[in-house]
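Take a look at the structure below.
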Amino acid sequence: MDKNEIAVILNEIGAILDLLGENRFKVIAYQNAARTLENLQEDLGQLIQQERLGEIRGFGPHIQEKVVALYKTGKLRYYDELKKSIPVGLIDLLRIPSLGPKKVRMLWTDLQVESVEDLKDRCEKGLVAKLGGFGEKTQEKILEGIGNLATYRGYFFWIEAWNSAQPILELLKKSPLVDKAEVGGSVRRKKEVIRDIDLLCSTEKPEAVMKLFIGSPGVQKVINHGETKSSVMLGSGIQCDLRCVNKDQYPFALTYFTGSKEHNIVLRQRAIDRGLKLNEYGLFPVKGAPQKSLKCNEEEELYRKLGLHYIEPEMREDTGEIAAAETGALPHLVAWKDIRGTFHCHTTASDGADTLEAMGEAARKLGWEYLGIADHSKSSVIANGLDEKRLLAQIKQIGELNQRWKGQNFRLFAGSEVDVMINGSLDFPDEILAQLECVVASVHSGLGGDEAKNTARVIKAISNPCVTILGHPTGRLLLSREGMKLDMNAVLEAAAETKTVVELNCTPSRMDLDWRHWKSATRAGVLCAINPDAHATAELEQVRMGVGIARKGWLTPATILNTRKLAEVEKFLRAPKSKRILGKP
DNA sequence: GCCGTTTTCGGCCCGACTGTTTTCAGTCG
């Protein structure tokens, strides 16, 4: 069993223990262990073999024993026994807003609810409202929650949240009542998928701002409405929360509401270690009479007072950033202004919406120096993939356009998004690929397969001296399809070895390679290309979010090909693959 | 269930809001 499958089981164990009314810190211990596994960079098998599992924080003897059993046998008696103790359908009930472990347990013991269907039935019969601690309103809320389970998938791509948040944020910023307003939470941290939008503002008149907020355009329903905190449901189906604080509290609240929860817990612990108490309103001395908060004008000052260098929001996931901030070892993250061009773009020749020329002009408008064209190859029939003849014609056309832009510090690179066949060979013969400047090799079909087979397939493809970039390495589609099972460490090592660039595909539903892998990719010496996989001129903008994901992966300009100047990229692509320099040239 | 140079036992981040209660538990982030 792999680490992600084990993480799912640990999470489930946590949920069941929670429902059984176990000590909540025991529950948290399992949830933390699951999260640690999901983010684990090192190979789990190796850690187990070298008996180093205990070195991981939060992995005590009991959890170690369970992880090892699951890894080696895929079975765990403790888990099987636990599953017998409650109906499995109860876990689903925890996804309904207003229902936590205590209430779910009551529904089960008092009303024999064992599934969402059962719960709907009991609500419709009015039985839930009669239960102690419940009431009419709770029953209504539950019914509504059940309806939403079906309507909304509960998670959204980052860009959907960003677009939903903008009109409200603009309204708040324009209001004379509001001093400052910002989006916090996972949207600010640039998580690839988000659950809700957290807005924060500084004001002296919170109640008036709350009224403004709940009446904002796009608000479909008011969920909560308090003096300093309100929640609404937007037309997009995304829940949006707003918190109001005053000017002095703002930096503390911004840090608090940016999270992540795990990052905050570490910050609070650091405060305690220094005889302080940290919350969303300030940083307070604990000893003696109640005192005023220490003053901080910016988040930077707050971090400094906790003995840390400033940590960019994207890095606040408790995956090593605190230790790095202690010693000043944080990387200087890539920014949008560092980007000088991109690769992997489609045109009307295959399944794109805009012409070669329009794509080039759009890239120039962004101030870029180059754009790599990579239309589909012939096997991608549905995407109108190019055959050899059409590809050669496109190369010629690109040459003509480059003549027109000569001397203007801009050019197109001729390329192809060539399909990787099931055996790892490519959709075009080498003599055709050799005529291209930038070849993106992507797997589009046969994503099932077992890990060893998939890994061999990808490694064979990138070992081809004509392949410049490995496109969307896993082929995952966020919120709908798992990616290929791959031995990622082996793929990344092979990429570094063969001098193949690895793509960070920033289509909102892909964000592939995942940010969690980039730290180890960089360690292996891999060079990244942030590519939009644009099928229209407007989609070139996807690189903005790609930069956000790159920042989550701790990437610096030196580790990204498309921060290089045109002349440097030309030199890189012209050189024989084995002679290319992946590190800073 | 995990953790520890103030601790091997007794902690484990902290506050707003709701709905149900007559002062607070549960949920949420």
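Below, read A as the first sequence line, B as the second, and so on, with proteins coming before strands; counting in each chain starts at 1. These numbers come from the heavy atoms of this one structure, side chains and all, not from hydrogens, waters or symmetry mates.
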Inset, instruction - Describe the nucleic acid contact of A/E227 in one word from base, sugar-phosphate, nothing, applying a heavy-atom distance below 4.0 Å. - result: sugar-phosphate

Inset, instruction - Looking at every strand, decide which applies to A/L99 at a 4.0 Å heavy-atom threshold: base, sugar-phosphate, or nothing. - result: sugar-phosphate

Enumerate donor-acceptor pairs with a distance under 3.5 Å from any side-chain N or O in residues 79-89 of chain A to protein atoms, sequence neighbours excluded.
residue, atom, partner, partner atom, Å
A/Y79, OH, A/E12, OE2, 2.9
A/S85, OG, A/L82, O, 2.4

Inset, instruction - Under the salt bridge (charged side-chain N to carboxylate O under 4.0 Å, His left out) rule, collect the residues that match up with A/E42, sequence neighbours excluded. - result: A/R52

Inset, instruction - Indicate whether any N or O donor in one side chain lies under 3.5 Å from an N or O acceptor in the other, for A/H263 and A/E321. - result: yes

Legend entry - Watson-Crick or G-U wobble mate for B/dG26, both contacts under 3.5 Å: B/dC17

Inset, instruction - Quick one: do A/R476 and A/D514 satisfy side-chain contact (heavy atoms from CB on, under 4.5 Å)? Show the steps, please. - result: CA-CA 10 Å; A/R476 75 171 180 188; A/D514 190 285; 2.6 Å; yes

Legend entry - Residues that A/R105 engages under side chain to side chain contact (heavy atoms under 4.5 Å, CB included), provided they are two or more places apart: A/L20, A/W108

Legend entry - side-chain contact (heavy atoms from CB on, under 4.5 Å) assessment of A/D2 paired with A/K485: CA-CA 10 Å; A/D2 72 21; A/K485 284 203 168 73; 3.9 Å; yes

Legend entry - Along DNA chain B (nearest heavy atom to each residue), the more 5'-positioned of A/K102 and A/S230: A/S230

Inset, instruction - Considering only atom P, compute the distance from B/dT22 to B/dC17 and round it to an integer number of Å. - result: 23 Å

Inset, instruction - Sticking with atom C1', work out how far B/dT6 lies from B/dG11, rounded to a whole angstrom. - result: 13 Å

Inset, instruction - Look at all strands and tell whether A/R24 reaches a base, only sugar-phosphate, or nothing, counting heavy atoms closer than 4.0 Å. - result: nothing

Legend entry - Rounded P spacing from B/dT20 to B/dT27 in Å: 13 Å

Legend entry - Close residues, residues 103-122 of chain A, relative to DNA chain B [heavy-atom separation under 4.0 Å]: A/K103

Inset, instruction - Mind checking A/D198 for me? I need base, sugar-phosphate or nothing, with any heavy atom below 4.0 Å counting as a touch. - result: sugar-phosphate

Table please: side-chain donor-acceptor pairs of residues 167-184 of chain A below 3.5 Å, with sequence neighbours left out.
residue, atom, partner, partner atom, Å
A/S175, OG, A/L177, N, 3.0
A/D179, OD2, A/S202, OG, 3.0
A/E182, OE1, A/Y250, OH, 2.9

Inset, instruction - By nearest nucleotide on DNA chain B, pick out whichever of A/P101 and A/N224 is the more 5' one. - result: A/N224

Inset, instruction - Keeping the roles fixed (side chain from A/E227, backbone from A/E207), state whether a donor-acceptor pair exists under 3.5 Å. - result: no

Inset, instruction - Tell me whether the guanidinium CZ or amine NZ of A/K66 lies under 6.0 angstrom from the six-membered ring centre of A/Y78 and within 45° of its axis. - result: yes

Inset, instruction - Please measure how far the C1' atom in B/dT8 lies from the corresponding atom in B/dG4, and state the result in whole Å. - result: 8 Å

Legend entry - Contacts of A/E541 that satisfy salt bridge (charged side-chain N to carboxylate O under 4.0 Å, His left out) - sequence neighbours left out: A/R544

Inset, instruction - Select base, sugar-phosphate, or nothing to describe what A/T228 touches, counting heavy atoms under 4.0 Å on all strands. - result: sugar-phosphate

Inset, instruction - Residues of residues 253-267 of chain A with any non-hydrogen atom less than 4.0 angstrom from an atom of DNA chain B: list those, numerically ordered, please. - result: A/Y256, A/I265

Inset, instruction - Kindly state which residues belonging to residues 82-94 of chain A come within less than 4.0 angstrom of DNA chain B, counting heavy atoms of the residue only, listed by number. - result: none

Legend entry - side chain to side chain contact (heavy atoms under 4.5 Å, CB included) partners for A/L127, two or more places apart: A/L111, A/R122, A/K125

Legend entry - No-hydrogen, no-angle side-chain donor-acceptor test under 3.5 Å, A/R316 and A/S260: no

Legend entry - Non-neighbouring partners of A/K137 that pass side chain to side chain contact (heavy atoms under 4.5 Å, CB included), sequence neighbours left out: none

Inset, instruction - Extract, from 5' to 3' on DNA chain B, the first and final nucleotides lying under 4.0 angstrom from some heavy atom of chain A. - result: B/dG1 to B/dG29

Legend entry - Contacts of A/E326 that satisfy side chain to side chain contact (heavy atoms under 4.5 Å, CB included) - sequence neighbours left out: A/R270, A/L308

